Participant: 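Questions regarding the structure given below will be posed in turn.
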2 protein chains.
Amino acid sequence: MASQTATDWTAHTTEALAKAGYRSSAAREEVIAAIAELGCSITAREIADLLRERGSGVGLASIYRALDLLDRLGLVQRFDVGEGVARYEAALPGGDHHHHVVCDSCGTVEPFEDEELERAIHGLESRTDFAISAHDVTLHGECPSCRARD
Amino acid sequence: MASQTATDWTAHTTEALAKAGYRSSAAREEVIAAIAELGCSITAREIADLLRERGSGVGLASIYRALDLLDRLGLVQRFDVGEGVARYEAALPGGDHHHHVVCDSCGTVEPFEDEELERAIHGLESRTDFAISAHDVTLHGECPSCRARD
DNA sequence: GTGAATGCAAACTCTTTGCATGACT
DNA sequence: AGTCATGCAAAGAGTTTGCATTCAC
């Protein structure tokens, strides 16, 4: 159902932008489509590459501006796994919540989710004096392919 | 015991570098001293500022080179909390293990530790096909001062 | 003396911003 | 028409690298 989810997100995002008073624009629609298509944990460069590949004239600045807007509206999640590059992924409100495991050898990023981990974090939130609004967990290691190669 | 720990780390680090065959050097010693002094979650710029302030002639490049070396030897931990800036802190082998909570309003970074969280992560490690070697957890929210100010 | 480590400056990457042009309502 | 959004190019910030010099062994 991944593609169904992506479709949902695209529609929801377009609608949310309109509701928030933003004009529709070809560039932004292309960025949104690219995010839906590329899936989890993507970079601005990956979006730019995909769009250029299909002959789009969307500039890098517009990609960053779209990502920034979507992030501020909570429509994408921005994070990073320690590479010095921002990563993004579609955020379905109330949708799935996952974290990432990174292969330090080849850079592959994969999602995972864990109920016990979430429970531990929620327990923690009540014990700190910060008002916690979000959390990120990143595991670092070596992926199966790289392990086999060594 | 924080200062004692810092002293331990400084001595251990100097010794580990020597054992690994690296020459002693004034620049590196100054960087190591700065890390011990500045404590948890510091940036290269903060080290540079401290060293410049005390009249040191150590260049930024040497700071980055020292941090890179120490990171590769596991003597410092490198991480980031989503600002696009690398942060570092002394890593005592087998020593304390903590994570960070960031105030998204003022940028304050504070450490925390939680046994249940660690348990959840370790449980997870055995269920993934990656060979996990490290993990980072970052909580985002608003610190008490910023909450009061709003 | 030899090679590692340094400092400086230039190069690089990622991201943001200024500004004139073009597009949506 | 009046703005908002875009594309381009330039600016910025953080980090890395090339190279001649200095320093440790």
Side-chain angles (χ1 to χ4, degrees), chain A residues 13-35 41-52 54-73 75-76 78-88 107 109, chain B residues 13-35 41-52 54-73 75-76 78-88 107 109:
Chain A
T13 297
T14 301
E15 186 186 351
L17 286 174
K19 258 184 194 139
Y22 294 95
R23 291 183 179 170
S24 109
S25 90
R28 208 141 55 194
E29 290 302 320
E30 287 181 53
V31 173
I32 291 169
I35 295 169
S41 190
I42 61 178
T43 63
R45 170 161 295 283
E46 287 164 354
I47 295 172
D49 288 346
L50 176 63
L51 294 187
R52 180 153 22 76
R54 51 170 70 146
S56 164
V58 174
L60 202 40
S62 297
I63 294 173
Y64 279 108
R65 280 190 276 237
L67 288 169
D68 181 56
L69 175 61
L70 295 175
D71 180 41
R72 278 185 287 114
L73 295 181
L75 296 163
V76 302
R78 179 184 185 157
F79 63 96
D80 72 81
V81 297
E83 315 150 300
V85 185
R87 290 187 168 270
Y88 303 84
V109 178
Chain B
T13 296
T14 302
E15 185 186 352
L17 285 174
K19 256 184 194 140
Y22 294 95
R23 293 183 178 173
S24 108
S25 91
R28 209 140 56 194
E29 291 301 322
E30 288 181 52
V31 173
I32 292 170
I35 295 170
S41 190
I42 61 179
T43 64
R45 170 161 295 281
E46 287 164 354
I47 296 173
D49 289 346
L50 177 64
L51 294 186
R52 180 154 23 75
R54 54 169 69 147
S56 164
V58 174
L60 203 39
S62 297
I63 294 173
Y64 278 108
R65 281 190 277 237
L67 287 169
D68 181 58
L69 175 61
L70 294 175
D71 181 42
R72 278 185 285 115
L73 295 180
L75 296 163
V76 302
R78 178 183 186 159
F79 62 97
D80 70 82
V81 296
E83 317 151 299
V85 185
R87 291 187 168 268
Y88 303 84
V109 179

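Every chain is numbered from 1 and lettered A, B, ... according to where its sequence line falls, protein lines coming before strand lines. None of the values given here were measured: they were computed from a predicted structure.
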Participant: In whole angstroms, how far is the C1' atom of D:dT15 from the CD atom of A:Glu83?
Facilitator: 15 Å

Participant: Could you tell me how far apart A:Ile47 (CD1) and C:dT15 (C1') are, to the nearest whole angstrom?
Facilitator: 13 Å

Participant: The test is salt bridge (Lys or Arg N to Asp or Glu O under 4.0 Å); show your working for A:Asp49 and A:Arg52 and say whether it passes.
Facilitator: CA-CA 5 Å; A:Asp49 288 346; A:Arg52 180 153 22 76; 2.8 Å; yes

Participant: Step by step, work out the side-chain contact (heavy atoms from CB on, under 4.5 Å) result for B:Leu67 and B:Ile35.
Facilitator: CA-CA 9 Å; B:Leu67 287 169; B:Ile35 295 170; 3.8 Å; yes

Participant: Send over the distance from B:Ile63 CD1 to D:dT16 P, rounded to a whole Å.
Facilitator: 13 Å

Participant: Between D:dT15 atom P and B:Arg87 atom CZ, what is the distance in whole Å?
Facilitator: 10 Å

Participant: Would you give a per-nucleotide map of nucleotides 17-25 of chain C, 5' to 3', where B means the base has a protein non-hydrogen atom under 4.0 Å away, S means only the sugar-phosphate does, and - means neither?
Facilitator: BB----BB-

Participant: B:Arg28 has an atom CZ; how far is it from atom C1' of C:dG7, in whole Å?
Facilitator: 15 Å

Participant: Of the nucleotides C:dT16, D:dT16, D:dT6, which has the atom closest to the A:Ala27 side chain?
Facilitator: D:dT6

Participant: Begin from the C-alpha positions of A:Leu75 and A:Leu69 and carry the test side-chain contact (heavy atoms from CB on, under 4.5 Å) through to its verdict.
Facilitator: CA-CA 8 Å; A:Leu75 296 163; A:Leu69 175 61; over 6 Å; no

Participant: For B:Ser24, enumerate each residue passing the side-chain contact (heavy atoms from CB on, under 4.5 Å) test, keeping only those at least two apart in sequence or located in another chain.
Facilitator: none

Participant: Within this structure, what is the CG-to-P distance between B:Asp49 and D:dG14, rounded to whole angstrom?
Facilitator: 10 Å

Participant: Are the side chain of B:Glu46 and the backbone N or O of B:Thr43 linked by a donor-acceptor pair below 3.5 Å?
Facilitator: yes

Participant: Please assess A:Arg87 against A:Val81 for the test side-chain contact (heavy atoms from CB on, under 4.5 Å), listing each intermediate value before the final yes or no.
Facilitator: CA-CA 8 Å; A:Arg87 290 187 168 270; A:Val81 297; 4.1 Å; yes

Participant: Between A:Ala86 and B:Ser62, which residue's closest nucleotide on DNA chain C lies nearer the 5′ terminus?
Facilitator: B:Ser62

Participant: Atom CD of B:Glu29 and atom C1' of C:dT6: how far apart are they, to the nearest Å?
Facilitator: 14 Å

Participant: Using atom CG of B:Leu67 as one end and atom C1' of D:dT17 as the other, report the distance to the nearest whole Å.
Facilitator: 16 Å

Participant: Heavy-atom nearest nucleotide on DNA chain D for A:Ala66 versus B:Ala44: which residue maps closer to 5'?
Facilitator: A:Ala66

Participant: Check whether B:Arg28 reaches the backbone of B:Ala66 with its side chain - one donor and one acceptor, N or O, closer than 3.5 Å.
Facilitator: no

